[in-house]
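Keep in mind the model is a prediction, meaning the values are calculated, not measured.
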Amino acid sequence: MRGVQFAASLLIGISLLAANGSAAAAPDVGQLLDRAEHEGFTDPEAQNRDAQAALSALQRTPDVDQEIRTRLILCDYDSERDLQAAQTEAQRVFALLPQSHDAGLRAGALTCQGDTRETAGDNAQALLLFGLAVVSATNAHDDVKLAAALYSRGYLLGIQGEYAAGLVDLRRAQALYDKVGRQYDALSCRDSIATLYRRMGDTAEAAHLYTEVLRLQRQAGLAREQAVTLHNLARSYEDSGQWELAESGFNQSFTLAHGLHYPRVEAYALRGLAAVMIAHQDAGGALSELARAAVLQSATPDTRLAAQIDLAQGRALHLAGRLNESLAALQQARGAFRSAQSAAELVSADSELAAVEAELGQWHAAYGDQTEAAQQQAQLLSHHLDQRFAILKVEYDNAAQEQENIVLMRENIATETALAQSRRVRQLQGVVIALGVALGAVLIWLVILNRSRARRMGSLAMTDELTQAPNRRAVLAMLNQQLQRPEPAPCAILIMDIDFFKRINDQHGHAAGDEVLKLVSAAVHDCVQAPGFFGRLGGEEFLIVLPDVELMQARAFAEKVRERVAAIHTRAVIPGHAGVTTSLGLTVSMPGADDMGAMLARADAALYTAKRQGRNCVRAEPAPDDLEAPGPGLLEETVVLETPEPPRH
């Protein structure tokens with residue numbers, strides 16, 4: 001569930017008429033929209049009323065940018081209640097964009113359109129739209145829209161099990177919201193980060209994060225957000241079998257949502273209460289709560305919620321001994337989870353189906369479903385381990401970057417101190433001429449010594465100690481210089497990642513891993529010729545920059561690098577080792593209209609695609625101008641279900 005990704009404005013005061021003091025002046029459109037954005041965190045129905053009032057006012061005094069802003073608020077509201085209405089608002093926004101003066105609004109429109117696709121279960125299309133929104137907001141230099149797009153993409157990546165990538169996006173979104181002072185949106189990011197940890201099975205950490213977020217939401221009076229977070233906290237208790245705490249959380253969430261006339265959260269909370277009753281062997285009570293949830297679910301287009309209710313009904317019917325009805329409900333839920341590739345819920349559905357089929361004497365079907373559940377469970381475990389390692393790598397890289405920043409700050413302080421001391425020494429020269437001459441000679445010697453040392457330190461600071469290739473700071477600085485050349489020209493970049501590098505470290509030790517990094521760096525060095533250059537970004541990742549190179553040339557070069565790495569003989573450093581492969585993501589700049597952040601984001605997205613599609617391959621992410629703007633065709637509803645999850649913003 002997703003709330004409006006805008007700032008929480010201060011509540012708007014109503015001006016009194018100076019002439020007679022008998023009536024209040026009606027708020028203008030800007031005031032109505034500011035208030036509606038704040039109400040997205042407190043009262044969705046009040047938010048809708050103010051947005052509709054703003055739309056009526058705009059019919060009298062048209063303003064394209066304000067109308068787009070209004071329709072984006074309505075699109076967010078409708079995306080949880082009426083997908084057709086939300087899609088209509090999105091289409092109207094795209095029709096107005098050519099007349100807009102705010103380049104960031106296109107990113108907002110793409111994010112809204114992605115939200116409608118995610119609610120409908122079309123996660124592949126939603127992820128594409130969120131990615132386009134990230135690029136558009138980056139190019140527009142709009143931190144607020146960029147944070148909103150990163151938030152949406154990060155949450156969806158978490159649903160798909162890409163926890164490390166999702167965590168990167170969510171933390172980046174939170175940092176941007178903190179930077180621009182949007183504390184309520186930053187709280188939503190923290191809530192989603194907690195949900196990501198819960199999906200990975202770390203329910204204790206998730207509960208801790210939810211509790212802190214809930215405390216801050218209560219202080220701010222964010223009733224709608226509290227209903228969502230209470231449900232999420234109760235889900236973490238449900239996952240860990242703490243049934244009394246889960247029941248309390250679901251009840252509080254339902255009470256708040258009911259008071260706000262928020263049927264989506266009400267239905268999620270009732271599903272949770274039914275799960276508690278099933279755990280207490282109360283089949284009748286669970287079926288009663290699920291019937292109420294199904295009625296509320298009919299008022300929302302959330303397909304994940306419908307599938308989750310079917311799964312809970314199957315369990316309750318099984319508990320009640322109504323096996324044939326249980327079988328039908330579970331088969332319906334299993335079909336939805338299978339279509340959406342929701343592995344965790346598919347395991348639950350298959351396991352429950354196998355138990356029901358066994359009681360019905362359908363032994364062959366029961367064996368097949370239990371076998372499928374076991375295979376899915378093994379795959380889930382392996383994927384979770386990979387993602388946990390990836391998250392540890394993200395945490396390590398962040399810590400390393402922070403430590404590097406601390407060292408640089410200390411160097412700056414030391415340099416400033418040395419300069420201040422030099423100034424004091426020069427002042428003393430006027431007091432004693434003889435000592436001044438001697439001190440001058442000493443200072444000259446110190447300057448020469450410091451320059452020599454500075455050159456040595458500068459070389460060390462720009463070189464990777466292990467591979468002797470340029471380090472992250474050096475290669476990014478060179479890339480930035482290329483993109484700022486006065487004569488615009490295309491520039492290709494490749495992000496290369498060694499496949500399964502963790503296995504080498506785990507099985508053969510970090511010393512062997514270091515030797516492999518040296519071999520790979522040497523191979524890349526042999527392939528790259530001036531004016532191209534490369535460097536190590538960190539870990540097992542390298543960045544290659546090819547100035548004045550188009551997409552086809554870059555792809556051919558990337559294949560050459562991939563083949564060269566695959567030909568490396570690692571047996572000299574790892575006896576019996578079969579060799580290494582690499583995955584590469586590439587993109588090409590838009591001459592004169594691209595920046596380093598946008599290019600790295602596209603290349604990184606292409607690298608993730610290469611990893612997901614089997615590794616040892618090259619994938620490209622085109623520049624935004626090479627992508628067609630989404631039209632009405634993207635709005636066609638496809639009923640594809642995804643992992644049922646708690647509501648969020």
query = Which pair of non-hydrogen atoms, one from Ser136 and one from Leu110, has the smallest distance, and what is that distance?
reply = CB-CD1, 4.2 Å
query = Any side-chain donor-acceptor pair under 3.5 Å between Arg602 and Thr587?
reply = yes
message = Checking ring-ring contact (aromatic ring centres under 6.0 Å, His included) between His231 and each of Phe254, Phe250, Tyr262, which is the one that passes?
response = Phe250
query = Is there a donor-acceptor contact under 3.5 Å from the side chain of Thr255 to the main chain of Asn251?
reply = yes
task = Mind listing the closest non-hydrogen atom pair of Arg619 and Ala606 along with its distance?
result = O-CB, 3.4 Å
message = For Ser236 and Tyr210, which I'm curious about, is there any donor-acceptor pair between the side chains at under 3.5 Å?
response = no
task = Could you list the residues that satisfy side chain to side chain contact (heavy atoms under 4.5 Å, CB included) with Asp50, not counting sequence neighbours?
result = Leu32, Arg35, Ala36, Glu39
task = Taking the side chain as every heavy atom from C-beta outward, state whether Leu586 and Leu551 have any atom pair closer than 4.5 Å.
result = yes
query = So, does Thr300 use its side chain to make a donor-acceptor pair with the main chain of Glu80 at under 3.5 Å?
reply = yes
request  = Can you see which heavy atom on Ala126 is nearest to which on Glu118, and at what distance?
outcome  = CB-N, 3.7 Å
inquiry  = If we ignore hydrogens and angles and just use 3.5 Å, is the side chain of Asp239 paired with the main-chain N or O of Thr203 as donor and acceptor?
reply    = no
ask   = Which is it for Lys179 and Asp143 under the salt bridge (Lys or Arg N to Asp or Glu O under 4.0 Å) test, yes or no, and what are the steps along the way?
value = CA-CA 9 Å; Lys179 173 185 173 183; Asp143 285 346; 3.1 Å; yes
request  = Write down the atom of Ala274, the atom of Glu289, and the distance for their closest heavy-atom approach.
outcome  = CB-CB, 4.2 Å
key: Contact check, side chains of Val265 and Ser253, non-hydrogen atoms, under 4.5 Å   = yes
task = From the options Gln47, Glu45, Glu89, select the one residue that forms a side-chain hydrogen bond (donor to acceptor under 3.5 Å, both in side chains) with Tyr77.
result = Glu45
inquiry  = Any side-chain to backbone donor/acceptor pair from Asp78 onto Arg81? Under 3.5 Å, distance only.
reply    = no
key: Gln252: partners by side chain to side chain contact (heavy atoms under 4.5 Å, CB included), with sequence neighbours left out   = Arg218, Leu230, Ser248
remark   = The ring-ring contact (aromatic ring centres under 6.0 Å, His included) partners of Tyr237 (sequence neighbours excluded) come to none
query = Looking only at atom types and distance, does a side-chain atom of Thr61 sit under 3.5 Å from a main-chain N or O of Leu58, one as donor and one as acceptor?
reply = no
remark   = Smallest heavy-atom separation, Leu74 atom then Ala51 atom, equals CD2-CB, 3.6 Å
ask   = Hey, does Gln113 have a side-chain heavy atom less than 4.5 Å from the side chain of Gln125?
value = no
task = Look only at the side chain of Gln31 and the backbone of Asp28, and say whether a donor-acceptor pair between them is shorter than 3.5 Å.
result = yes
task = Identify the two heavy atoms, one from Leu296 and one from Leu270, that lie closest to each other, and give their separation to 0.1 Å.
result = CD1-CD1, 3.6 Å
key: Ser100 side-chain N/O to Leu96 backbone N/O, donor-acceptor pair under 3.5 Å   = no
inquiry  = Testing the 3.5 Å rule here: is there a donor-acceptor pair between the side chains of Gln217 and Thr229?
reply    = yes
